[in-house]
Each structure stands twice: as structure tokens, then as C-alpha cells.
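Notes to accompany the following structure.
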Amino acid sequence: MKRLHYIFYSLALLVFPARADSIPVDERDMKAALIYNFSIYTTWPEVNSNSFNVCTFEGDEENISASLLESKKINGKPIHFKVIRDVADIKACQVLYQEETRQTYSSKHSQLLDKLAILTISEGSLQLDNTSMINIKLENKKYNFTINNQTAKQQNLQLSSKLLRLATKVY
Amino acid sequence: MISTLKVRQLNMLYPIDINRVMPVLIFVVYLIFVSSNVFAESNESLTEIDIESLLSKEVITASKIAQQVSDSPSAVSIVTAKDIKSYGYRTLAEIINSMRGLNTSSDHVYTYMSGRGFGRSGDYPGRVMLLIDGYQANDNLYNSSYLATDGLLDTELIERVEYVSGPGAVIYGNGAFYGIINVITKKGSDFGGTQVAIDAQSHDGYKARATYGSKLDNGANILFSASGFHSQGQDLYFSAFDTPATNFGLANNQDKDKNHRLFFKSDFQNWSLESAYVNRKKDDPAAAYGTEFNNRPNYLQDINTFINLKHEVSLSQNLKNSSKIYYGQYMYSAKNIANGVPFAERDVGRWWGAQSTSAYTGFAKQQLVYGVEYHSDYQQDFYLPTSNLKHSSYMLSGYLQDEYRFTTEWAINAGVRADYGGKNASDISPRLAAIYTPTADINIKASYSTAFRRPNPYEKYYDDAGSTQIANPNVSKEQVSASELVFEYRPDNFSKFLSSLFFYRTKNLIEVEGTPMIPTLLQAQNEGINKTKGIDFEYERKLSASSRIKTSYAWQYARNDRDKWLVNSPKNLAKLNYAQGLFNNSLHAGFEIQYVGKRLTEQQNTLGSYAIANLSLYDTTLLKNTTVSASIKNLFNKHYSVVAPSFYTPDSFEQDDRNFWLQLTYDFK
């Protein structure tokens, strides 16, 4: 009888796993993890710098968990999180993240982006057709994303088939 | 293992089968472990899972305005690095002046802080503890915080400053009296290379700074910084000295201020090492303690330094430990002429300490924090012309705090600390807080807490044979008990409303003041009971990616046991801060207004209220890799005065008229 008790409780332990999925994730951590994943599934023509630079414009940096990103490496290069103050500095970036709340960027900004192999990621719905290659969107408390593969191809960036498959829409 | 004998004894007490209950207990412990394990899931695991699982996770949207990092059931005001840049804050005092219910005043040498209705000018301890990355930075002779050019940090190195109002004795002990200023510094990776800056400001002031910060390939995050500042100052006029014998009140070339600072910080794996040094020399234009006016030498020098080694480790899923060992040193020297004779003083304070704090989350719905600390003030010396006064002291402390969230709406935060440091330095400090969260965006906290501060060596032993001050070895510790009701409302991710209603009762407040027999001879005395009541409000809103507004108002009334209004205790304080990006965010403007109500001086005169406005601008696009910052402080050139300490001849001091500041910061890339 005593042994039966132990067997019952041991089985109970096995069938009661921790369900981490149900725990909501902080928005800043989620965005950092998504940027990291998008970077894994993207191929750049070549990266000359010693670090892999993820950039944001001033004001957007607080929307991403920088420490989470900086604990990781992409293609063996440590991720460096940079806040861009001068538009010309985006030359050093491999990824550029911006929020939709940010209105704009001058023609100088778009011209620069047109020439550079920078994976552009935005949150929101408006910027997709303009410059961003990946657009993330929060719907029903979960993130989904769309891809503008045309722009990515023009900049010689190759997004993996896995990303294209998971995207809710590919332009 | 429970022995057979013990099982029998237990069976006699409780008529149940222990062997049957034991697996149930194990199961319950497992459930607690699982639940706490799940909640403790680190954010790092998010980058370990595949993207499909990541997209399936629910997200909590984050607040777009700064959140407190201090674990405190009281009201917290925050100034971030972004605010420091937007509003051109050059000293900790300027940061503090922008905060709810706080105010500072300068006697042209030191800057004193007032908060919660208490802030006697010239009162060195100030009763607010200054923490730099968790290290208590007040010195061990005067317990001063050093808020201006005498402070340990360049503001460019500060990531954020939090002001936690109310006693913080449970975790921080002796001296966490009316509140805590918690400064968190930047990391090396925040600079990502070398940065140099040069400043120019009114009154022939210049500063240069060089900072290198980087995260190395091995994961170490390092930061070095060095700076030097020099200001010629002003030829200040004091009507109290307006006689032919004292140059008609004009202090010629008596306001020089210079400092140099060093800072080092490194994080590697579980270890962090931090050290800061400041050496500040300042002329005293107003001639404190009856020294000769407009004569030389006439300076005070403060040298502060510390080194703090910290180790943080997760001992298990539910148990985290943080330990630190630190060393600090303060050296003061002064030279002046008193009664026609040169006077020189040198003070030396040295201390070290070790602390271990653990946080345990293994009990469901509970967060337990406990720890021990040993602090040795092994040198507390005053070298005076008349005698050398040498003392030392120590403090041994233990503390325990538990936050128990027994329903989703209700939580209780209870804590107690025991400090033992010999006579007049031992105390038990409890705190009890109830936290009610009726909806996700409302927090109501009611708390009762106490704190103490033991008399410092200056108050207890300073004695220059009756020239200015005599010792009082019998002065007792002072104690405060505080009741506070805090209301927080976050209607959305972009705004926050905060209000607190408070009542403080301070017993045996230590004040250095004139003795009854000879009013000009100072001695530390315990006052009776002081009472403060007040209410304050703060509202903050992020209007867009580049604009934000913050405003606060505080009303407070502090009186002594004779029911008289306290010296330098404004009843009304109001602040407004507004930052806006202009021209496509290439130019950032920061505008602030600070209002301070009427105050009483030491001689019971009333100083009028004042409001000053400051305007700051910075631009990052004008020059390559360069940030150009400029400020006009006291924009409308308001003439205003602050209360002078009792050891000065003047009763009040006029503060700076309109003044300018320009800074160029260059990042090597």
C-alpha cells in the first residue's frame, strides 16, 4: 500500500510538467528575441566589422532589451547594440530597428538605406511598403510579422525559407 | 531523515501517519518548486527556443516611461540619462532639484538637500542616504552626500537616479532616514568606445572629460572615465560684511572651484568591481565659522574615494545571493585665517565593510530577502590645531524582509532590521506595508516604518577647545517613524500618476546649534519631537517618441516640539519638465520650471518664494559624431536667495543669476 502511494505521486510528478509557455513575456525581451531570430535566418553579403551591430534611433532604444541581445552572437560575432544619433552612422549597422511612432526619416535616410545591406525591422503597420523588410505587429497579445522580400533582395539580403514560411504575408 | 523516535513523538502529538503524509509533502514542495521555477524563467531562455515557440508566447506590453528598479513599497521618482541630457544636468543637485518634493540650497561651498519638510541648511548629514550602485557613499565623519562639484560622479556616467522617499532602514540601516537617493551608473557598453567632452560655462568655468567604455569579446564590460573642472567663480557681494574693514562686503577672487574625478567600473561574469575618486577644492567666499572675510588662504578640500567588489550568484533556481566587500575613504582639509591667526584642519575617515544578501523565491507567492552586514569605521579622526581627536566605531546588522502576495489584489511587505554598534548606535527598525492592487493599473500602498541615525563623529566629538564648537559625547541617536499612503495609477503605457500622503515623527533630532550660555559656540544637541505632514503629486506622460512631460507638486508642513515652523522648510514646491524633439529630432529642447515657496531663515526671517526656469538644447547632427549641448540656467534672471547655515554671518545667500553652459561631446568611431 505504501509503495502504491509512492508510485502514484511519482507518476503525478511526471505528468505535471512546468508549462512555461503560459507565462507572458515582457515586450522588450520579446522584441530582442525576435530581432535575434530574424538575424539568425538572414544571410548578409559580407560583414566586415568585428561585431554584429543592431541599431536603433535615439528614443527607440528603450523599447528593446539590449542586455538580452548583447548576450548573444551572430555568425560568431558578438552582438553590439548601438543607438544611432547621426543618420550617416547607420552604415555600420547590420540590423536597424525602428518603432512606428517615429515619424520619418528624411530622403537622406532612405537613400542611404537603399545602398546598404541592412536588415530593417519595424513595429507597426504603416512602414511596411516603404523601407522595412520585416514588420512585426502585436495582435491578440501575440506577435506576428510580414516580410517585404523584394526590398530584402534588392539589398542583397537573403531571408531563409523558414522566415518566409512563418510570415503572415510576403510581399 | 526523520528518525523512528521522532516519528513516534510526532505520531503522539498528531494522530496521522507521517509516512503517508511525507509523499504529499514532497509533492507540495515540488509544486511550489515548479511554480516558482516557471515564474523565475529568465529572459535569456527566449533566445534559446525556436522562432515558432517564440511567436506562440503571449506578450505583456511594456511601459514607455521609466519604471522603478528599487524594490520598495514607497513612492519612487526617477530621472533617467535621457532627462540628464535633455535638461543639461551637470550635478546631482540639479537632478535632485527636478524631483518631486525635493530642493537644494548652496552656501557657495556645499550643497544641502531638503526633502519631506526637513532640510536645515548647513546640516551636513542631510538625512538622505546616497547609494551609488548599491554602495553607500556618505562619508563617515559628517555623513554628507556631496551633491555638487564635490560629488563622486560626472552626470554623463549616470544611467538613472531614483529617489525613494521615506525611511529605508530595513535594507540600508543607519542613516537611511528620510529617504534614499539611488544612483545607477552606466555600463561600458553604453559608450561603446571612447568619448571626450569639453565644457565651458559662466564665471570662467571649464571642464574636460575622457571616457572609454566597451564590452570586450570575453564578455567583460569595462568603463574608465577621468575629468577635470576649474571655475574662477565670481566676486560675490555680501551685505552683512559691508564695512570698510571687510572690503565693503566684496569677496574678491574668493569663489574658485576645481575638481578632478576618476571612475572605473567592470563587470565580468558574476563579478563587478567599481571605484570612484573625487578631489575638490573650493574657496569659501562667505567666511564660515567667523573666519576672516576676503582674506587668504581660505579654502576647503574634500577628497572622497571608494572601491566596491560585488559577486552575484544563483545558488539554486530559487535562491540568489549578492555579496560585496568595500573600502571607502574621506579626507578633508581646510586653511583660513581666524582672529588674525592661520587655522588649519585635516580630517581623515576610513571604513570598510562586507555584506551578504540573499533573495529566496522558493515559497509560493513570497519573496524573501535576508542578509547580514558588518561595517567598520576604523578611522574617524580630526586633526585640529588644539588637539588630535581619534575615534572608531563599527556596526553589525541583520535583516529580513518578506513580501507575501496572498491574493492577486493584496500583498503584505514586512521587514525588520537589527543594528548593533554599541551605545547610542543600536536599534531595531521594522517596516510593515500593505499593497492593494484592485486593477492592473492601480496600486495603493500603506506603510509604517522606522529608521535611526547614530550621531556621527563630528556631532559627538568635534571640539576645537571652544573656538567654534565643543563636543557632546552624550548626544543620542535620532529616530523617525513614518506613515505613508501611496497611490499609483498607470492608465496606459505612456503615463503615470503618483501621489503620497505622509506623516513623519522625528524624535531626538540631532542639531548642531549655539549653546544656551554662548549662542556663538556650537554643540550637537538632541531636539524634542518634530512632526511633518504633507501630500505630493506627480504626473508623467510620454507624448510622442521625442516629447515628454513631467510635473509635480508637494505641500508639506514641518514643525518642532514648540509647534514652530522649521527653518528652511518650504511648504510648497512645484516642478514642471517638458522635453521636445525639434526639426525632425535633430534638435532636442528641454525646458523646466522650479518653484520653491517661502522659508524661514536661522534668524527667523522669511525668505520670499521664487520660481526659476532653465532651458537646454542639444543637437547630434550639426557636427559629425558630436553632440552639442547648451543650457541657460535661470533663464529669466530671477534674483533669489536661499537660507544660510547658522555658522555663517549672513542670514541668506543670493544664488546665481542667469548663467550659461556649453558642452561638446565627441564619440570616436
Side-chain angles (χ1 to χ4, degrees), chain A residues 2 5-6 8-9 12-13 16-30 32-34 36-38 40-41 50 57-60 62-63 65-66 68-72 78 80-82 85-89 92 99 101-106 138 141-145 162-163 166, chain B residues 17 19-20 22-24 26-27 30-31 33-35 37-39 41 43-62 64-66 80 82 187 189-190 192 214-217 219 221 493 544-546 581 584-586 588 620-621 623-627 667 669:
Chain A
K2 208 189 288 176
H5 269 116
Y6 280 110
F8 167 74
Y9 287 112
L13 297 185
F16 210 91
R19 282 196 46 82
D21 283 5
S22 57
I23 305 305
V25 174
D26 180 86
E27 180 189 343
R28 293 183 178 99
D29 292 339
M30 175 59 93
L34 283 172
Y36 171 68
N37 269 283
F38 294 148
I40 290 176
Y41 293 112
N50 293 328
F57 285 103
E58 206 173 6
D60 284 345
E62 59 207 39
N63 300 314
S65 171
L68 181 58
L69 269 177
E70 292 197 317
S71 64
K72 306 304 291 182
H80 183 200
F81 185 69
K82 285 179 83 152
R85 296 190 170 85
D86 184 345
V87 174
D89 289 344
E99 300 258 315
T101 45
R102 170 165 298 276
Q103 288 297 313
T104 110
Y105 276 91
S106 52
L138 190 64
K141 295 185 179 175
K142 288 179 181 173
Y143 270 105
N144 59 51
F145 65 95
K162 184 169 184 177
L163 274 192
L166 288 171
Chain B
D17 183 354
N19 286 325
R20 191 174 287 186
M22 195 54 76
V24 180
I26 293 169
F27 186 59
Y30 171 78
L31 285 185
F33 172 80
V34 164
S35 60
N37 192 21
V38 168
F39 280 101
E41 185 193 26
N43 60 4
E44 280 165 26
S45 63
L46 286 177
T47 49
E48 308 293 338
I49 57 173
D50 60 46
I51 186 164
E52 287 97 331
S53 312
L54 194 63
L55 291 166
S56 71
K57 284 185 177 288
E58 278 195 7
V59 172
I60 306 173
T61 50
K64 307 295 181 199
I65 54 175
T80 63
K82 207 168 166 181
K187 297 187 297 249
S189 51
D190 292 327
S214 184
K215 189 169 183 181
L216 308 179
D217 289 345
N221 214 333
N493 280 331
S544 73
S546 64
N584 231 348
N585 281 342
S586 56
H588 298 259
T620 53
T621 57
L623 298 165
K624 191 172 164 51
N625 295 345
T626 306
T627 305
D667 287 286
K669 284 177 179 167

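Shown here for A/Leu163 and B/Ile51, the closest heavy-atom pair between the two residues is CD2-CD1, 3.9 Å. Minimum heavy-atom separation, B/Thr47 to A/Ala33: CG2-CA, 4.2 Å. Between B/Gly581 and B/His588, the closest heavy-atom pair is CA-ND1, 4.2 Å. For the residue pair B/Leu46 and A/Met30, the shortest heavy atom distance occurs at CD1-N, 4.3 Å. Between A/Leu68 and A/Ala32, the shortest heavy-atom distance links the atoms CD2-CB, 3.9 Å.
Top candidate by heavy-atom pairs under 4.5 Å with chain B, chosen from A/Leu69, A/Leu34, A/Asn144, is A/Leu34. Counting heavy-atom pairs closer than 4.5 Å to chain A, the top residue among B/Asp217, B/Thr626, B/Leu55, B/Asp667 is B/Leu55. Chain A forms more heavy-atom pairs under 4.5 Å with one residue of B/Thr620, B/Thr627, B/Asp190, B/Val59 than with any other, namely B/Val59.
Only the side chain of A/Tyr36 comes within less than 4.5 Å of a heavy atom in chain B; its backbone stays farther off. With a 4.5 angstrom heavy-atom cutoff, B/Lys82 touches chain A only via side-chain atoms. There is no contact between A/Ile40 and chain B, counting heavy-atom distances below 4.5 Å. The contact between A/Leu138 and chain B is made entirely by side chain atoms (from C-beta outward), counting heavy-atom distances below 4.5 Å.
With hydrogens and angles ignored, the 3.5 Å screen pairs a side-chain donor or acceptor of B/Lys215 with a backbone N or O of A/Glu70.
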